[in-house]
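Quick notes on the structure that follows.
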Number of protein chains: 2
Amino acid sequence: MSTFGEYVRKRRMELQEGDPRFSLRKVAVAIDVEPSYLSKIERGEQPPPGEQTIRALAKELGEDPDVLLALAGKVSDDLQKIIRKRPRIFAELIRELKDMPEHAVLRLVREVRDGKW
Amino acid sequence: MSTFGEYVRKRRMELQEGDPRFSLRKVAVAIDVEPSYLSKIERGEQPPPGEQTIRALAKELGEDPDVLLALAGKVSDDLQKIIRKRPRIFAELIRELKDMPEHAVLRLVREVRDGKW
DNA sequence: TGTAGTGTGTAGTATATACTACACAACATG
DNA sequence: CATGTTGTGTAGTATATACTACACACTACA
C-alpha cells in the first residue's frame with residue numbers, strides 16, 4: 001500500500017507525461033490550493049488535505065474519491081451520515097462483512113443492486 | 001431525535017433514581033473526566049467528547065456505543081477502518097442501502113449473519 | 001451546624017487540522 | 001539573455017477538538 005502522497009504524485013506524473021495541465025502548479029491552482037501545499041502533501045511532508053480538497057483532487061486526476069479518501073485515512077462524510085442514521089444495523093452489517101472474502105461481498109452488492117430485495 | 005447531551009442526561013437521571021452511583025460526579029469520575037466537563041456536555045454547552053470517552057460513557061450507562069457515537073455525529077473508528085480497507089465495495093453497498101426499508105436491511109443482515117454466504 | 005456530596009461557572013490549555021503567503025533556485029524556450 | 005514555468009523552502013495563521021483546574025453555591029443529613 002502506498003501513502004496518499006505517493007499515490008497522488010505517481011498518478012499526476014503519469015498524466016503530466018501527455019498533458020502540461022497536470023503540472024503540480026496547474027493542478028494546485030485547479031483544486032484551489034497553494035502549489036507549495038500540494039508539493040508538501042505529495043512528498044508526505046504534510047498530512048493529506050481535507051475531504052473537499054481530496055474530492056477536487058480526485059475529480060482532477062480522474063480517481064475514485066472513496067479510494068483517495070481511504071488512502072488519506074478518511075471515510076466520506078455522506079457514508080458516515082448514512083451509517084449514523086441507522087447506527088446499530090450498519091455497525092452489525094459492516095462488522096459481519098469484515099472478514100468476508102471479496103467475492104462474497106461482491107455477490108451481496110450485486111444482489112442488492114439488482115433489486116432482489 | 002434528541003441531542004447527545006439530552007440523551008445522556010435523561011439516561012443517567014433514570015439510573016440515578018435507583019442508584020447513587022449515577023450522580024453526574026460519580027459518572028464523571030468513573031469515565032475519568034472532570035465533572036464540570038460532563039455537566040457542560042449534558043447541557044449541550046460543550047460538544048460531545050471524543051470516541052474513547054463516549055465508549056466509557058456507553059459502558060457506564062449500559063448504552064450501545066454505536067448509537068451514542070451516532071448521536072455525537074461520529075462513526076466508530078473500527079468501522080471506518082473496515083471501510084477504508086475496501087473503500088469501493090463498501091461505499092457502493094452503503095449508498096445502495098441508504099434508502100432501503102428497515103426490514104430489507106434487517107433481512108440482509110440476518111442472512112449474512114446466518115452464514116448463507 | 002459542620003461536613004459530605006450535588007451540579008455548575010469561569011478561565012484557561014494542548015494538540016490537531018487545514019491550510020496561506022511569498023520568496024527562491026533551477027530549467028527551458030523564444 | 002530575459003521571461004515564464006517548474007517544484008520547493010520558510011514561516012506563519014485560523015479554527016476545531018478535547019479536554020483540565022478550581023472555585024462556588026446549594027442541599028441533605030447526622
Side-chain angles (χ1 to χ4, degrees), chain A residues 3-6 8-58 60-61 65 68-77 80 84, chain B residues 3-6 8-58 60-61 65 68-77 80 84:
Chain A
T3 67
F4 179 84
E6 288 167 4
V8 167
R9 169 145 293 191
K10 194 180 161 200
R11 175 67 175 151
R12 187 184 56 74
M13 294 294 217
E14 283 166 16
L15 292 166
Q16 196 180 10
E17 300 285 289
D19 194 330
R21 278 176 307 178
F22 292 99
S23 80
L24 186 149
R25 282 182 106 95
K26 297 269 175 64
V27 170
V29 168
I31 67 171
D32 202 37
V33 298
E34 280 289 317
S36 64
Y37 183 46
L38 181 56
S39 170
K40 275 169 277 191
I41 286 165
E42 283 193 354
R43 286 173 296 125
E45 205 192 291
Q46 286 267 339
E51 173 159 345
Q52 289 323 303
T53 299
I54 291 175
R55 288 193 173 284
L57 194 53
E60 196 64 19
L61 302 182
L68 237 49
L69 284 166
L71 279 169
K74 297 177 200 284
V75 169
S76 176
D77 198 58
Q80 296 201 35
R84 289 198 305 260
Chain B
T3 67
F4 179 84
E6 288 167 3
V8 167
R9 169 145 292 191
K10 194 180 161 199
R11 174 67 174 151
R12 187 184 56 74
M13 295 293 218
E14 282 165 16
L15 293 166
Q16 195 180 11
E17 300 285 289
D19 195 331
R21 280 176 306 178
F22 293 99
S23 81
L24 186 148
R25 282 183 106 94
K26 298 269 175 63
V27 170
V29 167
I31 66 170
D32 202 39
V33 298
E34 281 288 317
S36 63
Y37 183 46
L38 181 55
S39 170
K40 274 169 279 190
I41 287 165
E42 284 193 355
R43 286 173 296 124
E45 204 193 290
Q46 286 266 339
E51 173 159 347
Q52 290 322 305
T53 300
I54 291 175
R55 289 194 173 283
L57 194 53
E60 196 65 19
L61 302 182
L68 239 48
L69 284 166
L71 279 170
K74 297 176 199 287
V75 169
S76 176
D77 197 58
Q80 296 200 36
R84 289 196 307 258

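Order of the sequence lines fixes the chain letters, A, B, ..., with proteins taken first and strands second; residue numbering starts at 1 for each chain. Keep in mind that the numbers below use all heavy atoms, side chains included, and drop hydrogens, waters and symmetry copies.
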Quiz item: What distance do B/M13 atom CE and B/L24 atom CG have between them, rounded to the nearest 0.5 Å?
Solution: 8.5 Å

Quiz prompt | DNA chain C-proximal residues of residues 37-48 of chain A, any heavy atom under 4.0 Å | solution = A/Y37, A/K40, A/Q46

Quiz item: How about A/L71 and A/T3: do any of their side-chain heavy atoms sit closer than 4.5 Å?
Solution: no

Exercise. Please round to the nearest 0.5 Å and tell me the distance separating atom CG of A/L15 and atom CD of A/E60.
Key: 9.5 Å

Exercise. Check side-chain contact (heavy atoms from CB on, under 4.5 Å) between B/A28 and all other residues, then give those that pass, not counting sequence neighbours.
Key: B/V33, B/P35, B/L38

Practice problem: Tell me, please, the opening and closing nucleotides of DNA chain C, 5' to 3', among those with an atom under 4.0 angstrom from a non-hydrogen atom of chain B. | Solution: C/dT6 to C/dA11

Exercise. Indicate yes or no: at least one non-hydrogen side-chain atom of B/Q80 is less than 4.5 angstrom from one of A/Q80.
Key: yes

Quiz item: Can you name the side-chain contact (heavy atoms from CB on, under 4.5 Å) partners of A/P49, sequence neighbours left out?
Solution: A/F4, A/Y37, A/I41, A/T53, A/I54

Exercise. Return each pair, listed once, that meets salt bridge (Lys or Arg N to Asp or Glu O under 4.0 Å) where at least one residue sits in residues 38-54 of chain B; pairs must be two or more places apart or across chains.
Key: B/R9-B/E42, B/R12-B/E42, B/R43-B/E45, B/E51-B/R55

Quiz prompt | Pairs flagged by side chain to side chain donor-acceptor pair (under 3.5 Å) wherever residues 18-29 of chain B is involved - sequence neighbours left out | solution = B/D19-B/R21

Quiz item: Taking only residues two or more places apart in sequence or in another chain, which ones pass salt bridge (charged side-chain N to carboxylate O under 4.0 Å, His left out) with A/E34?
Solution: none

Quiz item: Nearest nucleotide by nearest heavy atom, which residue falls closer to the 5' end of DNA chain C, A/T53 or B/P35?
Solution: B/P35

Quiz item: So which of residues 16-33 of chain B are in contact with DNA chain C, with a heavy-atom cut-off of under 4.0 Å?
Solution: B/Q16, B/S23, B/L24, B/R25, B/K26

Quiz item: Just to confirm, is there a sub-4.0 Å distance from OP1 or OP2 of D/dT6 to any side-chain nitrogen or oxygen of A/R12?
Solution: no

Quiz item: Hey, are the side chains of A/V75 and B/V75 touching, using non-hydrogen atoms and a 4.5 Å cut-off?
Solution: no

Practice problem: Could you tell me the separation between the CD atom of B/Q52 and the CG atom of B/L57, rounded to the nearest 0.5 Å? | Solution: 12.5 Å

Quiz prompt | Difference in axis direction between the ends of the helix from C/dT1-D/dA30 to C/dG30-D/dC1, five pairs, 10° | solution = 10°

Exercise. Could you pull out the closest heavy-atom pair between A/P48 and A/A72, with the gap in Å?
Key: CB-CB, 3.6 Å

